[in-house]
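Some notes on the structure that comes next.
Treat the numbers as computed from the prediction; the structure is a model and nothing was measured.
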Amino acid sequence: MYTDRQLLDMAKNAMKYSYSPYSHFAVGACVLMKDGSVFTGCNIENSSYGATICAERAAVCNAVSSGYKDFKAIAIVGGLNSTGINGITYPCGICRQVLSEFSADMYVIAARSEDDYDMRRLSEFLPASFGAGQME
């Protein structure tokens, strides 16, 4: 199994691939599956801002398109110009909703710096979320 630090390192590596010519704020994410598999993603901006894809959703799409849906944790890092971590980067509202589709109990690990991070359950970020149960 991977340590929190290893997940953050993989997320930081994914930042290098960010396409962020407008905000210059690169974000990387790494999702950990319950079986120990990992998938990464980076943010991909678009001149039509609504078409931008966050790193978290890119990582989720990578996992799901590879046949994985049992999420245990996600590590997220962000920074200006891909030069390093610039304080804590939490998932946006859309990403929180997408993550909750797969597991409201998964851990969100968000780094403040190379050695300091916050970790809590997704349900703390998105209480009383709309989920699959409402669709039945």
Side-chain angles (χ1 to χ4, degrees):
M1 195 59 71
Y2 294 95
T3 65
D4 299 342
R5 177 62 193 204
Q6 289 172 314
L7 295 173
L8 288 166
D9 285 343
M10 286 185 270
K12 186 175 179 189
N13 187 58
M15 270 176 68
K16 296 176 190 174
Y17 302 104
S18 167
Y19 177 73
S20 45
Y22 307 105
S23 71
H24 307 289
F25 194 85
V27 181
C30 179
V31 291
L32 172 66
M33 302 294 111
K34 289 181 180 174
D35 75 352
S37 299
V38 292
F39 297 89
T40 60
C42 63
N43 59 322
I44 304 166
E45 293 183 349
N46 191 283
S47 56
S48 174
Y49 295 133
T52 293
I53 300 169
C54 298
E56 298 92 316
R57 285 182 284 143
V60 166
C61 289
N62 192 5
V64 172
S65 65
S66 296
Y68 291 82
K69 296 180 185 91
D70 294 324
F71 289 69
K72 182 174 182 176
I74 185 166
I76 308 158
V77 297
L80 293 170
N81 300 313
S82 304
T83 57
I85 300 169
N86 287 102
I88 203 153
T89 302
Y90 289 115
C92 73
I94 293 171
C95 288
R96 293 174 191 199
Q97 181 63 42
V98 168
L99 292 168
S100 75
E101 179 73 15
F102 299 98
S103 174
D105 290 327
M106 71 186 300
Y107 286 98
V108 175
I109 307 162
R112 287 183 183 88
S113 69
E114 301 292 335
D115 300 308
D116 183 19
Y117 60 89
D118 179 42
M119 182 171 73
R120 42 185 140 158
R121 293 204 183 266
L122 178 63
S123 57
E124 293 179 60
F125 291 102
L126 193 63
S129 65
F130 180 84
Q134 283 85 15
M135 299 299 290
E136 296 173 353

**Q.** Partner residues of Ser66 under the side-chain contact (heavy atoms from CB on, under 4.5 Å) criterion, sequence neighbours left out
**A.**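 side-chain contact (heavy atoms from CB on, under 4.5 Å) check on Ser66 returns Phe39, Asn62, Tyr68.
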Q: Could you walk me through whether Asp35 and Asp70 pass side chain to side chain contact (heavy atoms under 4.5 Å, CB included), step by step?
A: CA-CA 8 Å; Asp35 75 352; Asp70 294 324; over 6 Å; no
Over all atoms of both residues, closest heavy-atom pair of [X] and [Y]:
X	Y	result
Leu122	Ser103	CD2-O, 3.5 Å
Pro127	Glu124	CD-O, 4.0 Å
Met1	Gln6	O-OE1, 4.2 Å
Cys95	Arg57	SG-NE, 3.5 Å

Q: Please name all residues satisfying side chain to side chain donor-acceptor pair (under 3.5 Å) with Tyr117, sequence neighbours left out, ordered by chain then number.
A: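 Result, side chain to side chain donor-acceptor pair (under 3.5 Å) vs Tyr117: Asp4.
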Q: For residues Phe71 and Met33, determine if any side-chain heavy atom of one lies less than 4.5 Å from a side-chain heavy atom of the other.
A: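 Yes; the side chains approach each other to less than 4.5 Å.
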Q) Honestly curious: do Met119 and Val38 fall in one hydrophobic cluster under the side-chain, below-4.5 Å linking rule? A)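 Same cluster.
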Let me check something: any side-chain donor-acceptor pairs from residues 104-113 under 3.5 Å, sequence neighbours excluded? List them with distances.
| unit_1 | atom_1 | unit_2 | atom_2 | d |
| --- | --- | --- | --- | --- |
| Tyr107 | OH | Arg121 | NH2 | 2.7 |
| Ser113 | OG | Asp115 | N | 3.4 |
| Ser113 | OG | Asp116 | N | 3.3 |

Q | Candidate pair Ile76 and Glu56, rule side chain to side chain contact (heavy atoms under 4.5 Å, CB included), full reasoning | A | CA-CA 7 Å; Ile76 308 158; Glu56 298 92 316; 3.8 Å; yes
Table please: side-chain donor-acceptor pairs of residues 40-54 below 3.5 Å, with sequence neighbours left out.
| unit_1 | atom_1 | unit_2 | atom_2 | d |
| --- | --- | --- | --- | --- |
| Asn43 | OD1 | Ser18 | OG | 2.7 |
| Asn43 | OD1 | Val27 | N | 2.8 |
| Asn43 | ND2 | Phe25 | O | 2.9 |
| Glu45 | OE1 | Tyr22 | N | 2.9 |
| Glu45 | OE1 | Ser23 | N | 3.1 |
| Glu45 | OE2 | Ser23 | OG | 2.3 |
| Asn46 | OD1 | Ser48 | N | 2.8 |
| Thr52 | OG1 | Asn46 | N | 3.1 |
| Thr52 | OG1 | Tyr49 | O | 3.1 |

Q: Any chance you could lay out the side chain to side chain contact (heavy atoms under 4.5 Å, CB included) test for Val64 and Phe102, step after step, and finish with the verdict?
A: CA-CA 10 Å; Val64 172; Phe102 299 98; 3.6 Å; yes
Q: Considering only Ile, Leu, Val, Met, Phe, Trp and Tyr, and joining two whenever side-chain heavy atoms are under 4.5 Å apart, list the other residues clustered with Leu126.
A: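 The other cluster members (ILVMFWY side chains, heavy atoms under 4.5 Å, direct or chained): none.
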Q | side chain to side chain donor-acceptor pair (under 3.5 Å) contacts touching residues 90-100 (sequence neighbours left out) | A |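 Passing the test, one end in residues 90-100: Tyr90-Asp118, Tyr90-Arg120.
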